[in-house]
**Student:** 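Take this structure first; my questions come after.
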Amino acid sequence: MTAAPAHTAVGPDVHTRVQHFYAHQMQALDGGRFTDYAATFTEDGTFQHSPGATPARGRDGIVAELVEFHKRFDGDPVQRRHWFNHIALEPQSDGSLRSTVYALVVTVRPGGKPEIAPSCVVHDVLVVTDESVQTRSRLVTHDQMA
Amino acid sequence: MTAAPAHTAVGPDVHTRVQHFYAHQMQALDGGRFTDYAATFTEDGTFQHSPGATPARGRDGIVAELVEFHKRFDGDPVQRRHWFNHIALEPQSDGSLRSTVYALVVTVRPGGKPEIAPSCVVHDVLVVTDESVQTRSRLVTHDQMA
Amino acid sequence: MTAAPAHTAVGPDVHTRVQHFYAHQMQALDGGRFTDYAATFTEDGTFQHSPGATPARGRDGIVAELVEFHKRFDGDPVQRRHWFNHIALEPQSDGSLRSTVYALVVTVRPGGKPEIAPSCVVHDVLVVTDESVQTRSRLVTHDQMA
């Protein structure tokens with residue numbers, strides 16, 4: 001190999017900070033704290049939960065999208081948990097990071113067993129500064145739609 | 001936002017040390033090495049595997065609790081694996097860390113397919129020093145009991 | 001305890017570099033980029049996907065093994081994703097690291113729901129330098145064969 005291996009292009013501190021960022025971000029989403037979730041995006045951030053969807057733009061737009069999406073669970077005491085795995089980071093020429101992450105959605109209802117579906121891939125562009133990590137764009141692809 | 005984002009309050013080295021701690025801790029549990037598992041708690045550590053249970057106290061108490069719990073698997077060649085995801089850390093005023101972690105229990109029997117249940121949340125208080133990480137208290141909540 | 005806890009024997013930077021290495025390595029495998037996957041092994045690396053299998057040796061041997069294995073999916077538009085959890089590292093006397101990792105294989109077909117099986121344990125020996133991480137040997141055990 002002449003090229004440096006992909007896993008060496010982003011340092012360990014940044015990788016861990018991204019992991020910890022995702023932990024708080026996704027616990028906010030699954031906890032129904034949509035404003036906290038939206039605040040993890042840049043001000044002009046975009047969020048597209050499937051390839052065919054119109055991307056939500058900006059934090060207010062992301063909150064509105066989540067409120068709309070979750071209407072399907074009105075009166076349904078469901079707990080959803082978004083699991084992430086294998087966070088692969090690649091630096092972009094503008095200083096941002098491309099982040100490609102496996103995701104599984106775990107859904108549980110009272111007295112029930114977890115349903116684990118769908119299997120997705122999260123395609124993020126992240127803005128990492130000394131102070132924080134933010135998502136600039138998120139597109140989620142679904143394996144069963146391939 | 002005026003407050004610093006939640007993911008910035010604990011540094012990356014501590015986050016990674018906690019991840020590695022959990023890897024060894026949970027492989028000890030799933031390997032049936034209960035004394036090793038109990039040794040990952042502080043001497044006065046508590047372990048409560050569900051909200052209704054009486055917490056086990058101290059390392060001997062934790063071992064006794066695990067021996068008792070695993071009697072249900074006597075003669076049953078089961079392999080259980082506790083998966084963790086999204087380790088969200090928050091500093092506490094006494095210097096300890098609150099750790100909130102998603103968990104799924106994978107259960108496999110010879111010739112069988114994995115059963116993945118229940119979906120839980122682990123609520124830990126961790127004591128982190130320069131030398132090591134230890135669990136001071138662990139409460140596990142179950143999503144299907146919500 | 002007189003011995004240092006297991007999670008303290010390998011520093012946080014190395015642990016994170018291994019995580020990031022695995023993210024890229026397994027996304028290469030699941031993306032069908034077998035040459036990229038093989039390049040994550042040392043030149044004399046070995047890969048044994050189950051205890052009874054003859055280990056593939058060397059990068060060309062690993063590619064050949066993967067091509068052979070994936071013939072079962074010819075004409076089957078399957079997406080497989082290998083999830084990892086609880087990466088426990090232990091230093092070896094020769095400077096390499098033993099890495100013991102939980103793994104689940106997620107399989108999705110168009111329009112279908114994920115199947116999550118088998119549950120495995122990955123037993124790696126890793127060579128970590130300042131520049132990169134490589135797998136020197138990999139043996140995968142399967143929980144349902146226990």
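Order of the sequence lines sets the chain letters (A, B, ...), proteins ahead of strands, with each chain counted from 1.
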**Student:** Could you state the interatomic distance from NZ (C/K113) to OG1 (C/T107), rounded to the nearest 0.5 Å?
**Tutor:**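 With rounding to 0.5 Å, NZ (C/K113) is 16.0 Å from OG1 (C/T107).
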**Student:** Check whether C/P77 gets within reach of chain A through its side chain, its backbone, both or neither, counting any heavy atom under 4.5 Å.
**Tutor:**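 Contact with chain A involves no heavy atom of C/P77 at all.
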**Student:** Cation-pi between A/R33 and A/Y37: NZ/CZ under 6.0 Å from ring centre and within 45° of the ring axis?
**Tutor:**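 Judged by the rule (NZ or CZ under 6.0 Å from the ring centre, within 45° of its axis), A/R33 is not positioned above A/Y37.
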**Student:** Please state whether the side chain, the backbone, both or neither of A/I116 comes within less than 4.5 Å of a heavy atom of chain C.
**Tutor:**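 Interface part for A/I116: both.
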**Student:** Taking the side chain from A/Q48 and the backbone from A/P51, do they hold a donor-acceptor pair closer than 3.5 Å?
**Tutor:**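 The answer is yes, because a donor-acceptor pair under 3.5 Å joins these two groups.
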**Student:** Taking non-hydrogen atoms and a cut-off under 4.5 angstrom, which of residues 14-25 of chain C neighbour chain A?
**Tutor:**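 Near chain A, by residue number: C/T16, C/R17, C/Q19, C/H20, C/F21, C/Y22, C/A23, C/H24.
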**Student:** Keeping C/Q79 on the side-chain end and C/D30 on the backbone end, is there a donor-acceptor pair under 3.5 Å?
**Tutor:**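 Indeed, once roles are kept as given, a pair shorter than 3.5 Å links the two residues.
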**Student:** Quick one: does A/V127's side chain get under 4.5 Å of A/V133's, heavy atoms only?
**Tutor:**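 The answer is no; the side chains never approach within 4.5 Å.
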**Student:** Between C/Q27 and chain A, with a heavy-atom cut-off of 4.5 Å, which part of the residue counts as in contact: side chain, backbone, both or neither?
**Tutor:**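 For C/Q27, the contact with chain A is made by backbone and side chain together.
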**Student:** Search all heavy atoms of A/V63 against all heavy atoms of A/F34 and return the closest pair with its distance.
**Tutor:**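 For A/V63 versus A/F34, the nearest heavy atoms are CG2-O, 3.7 Å.
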**Student:** Among A/V121, A/D13, A/L104, which residue forms the greatest number of heavy-atom pairs with chain C at distances under 4.5 Å?
**Tutor:**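 So the answer, after comparing A/V121, A/D13, A/L104, is A/L104.
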**Student:** Can you classify the ring geometry of C/H49 versus C/F69 as parallel (below 30°), tilted (30 to 60°) or perpendicular (above 60°)?
**Tutor:**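 C/H49 and C/F69: tilted rings.
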**Student:** Checking heavy atoms, do the side chain of C/R109, its backbone, both or neither come under 4.5 Å from chain A?
**Tutor:**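 For C/R109, the backbone is the part near chain A, not the side chain.
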**Student:** Answer yes if the ring centres of A/Y102 and C/H82 are under 6.0 angstrom apart, and no otherwise.
**Tutor:**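 A/Y102 vs C/H82: aromatic centres not under 6.0 Å.
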**Student:** Tell me, side chain or backbone of A/V10 under 4.5 Å from chain C's heavy atoms, or both, or neither?
**Tutor:**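 Contact with chain C is through both the backbone and side chain of A/V10.
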**Student:** Picking from C/D124, C/D94, C/L97, C/L126, what satisfies side chain to side chain contact (heavy atoms under 4.5 Å, CB included) with C/R136?
**Tutor:**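 Answer to the side chain to side chain contact (heavy atoms under 4.5 Å, CB included) test with C/R136 among C/D124, C/D94, C/L97, C/L126: C/D94.
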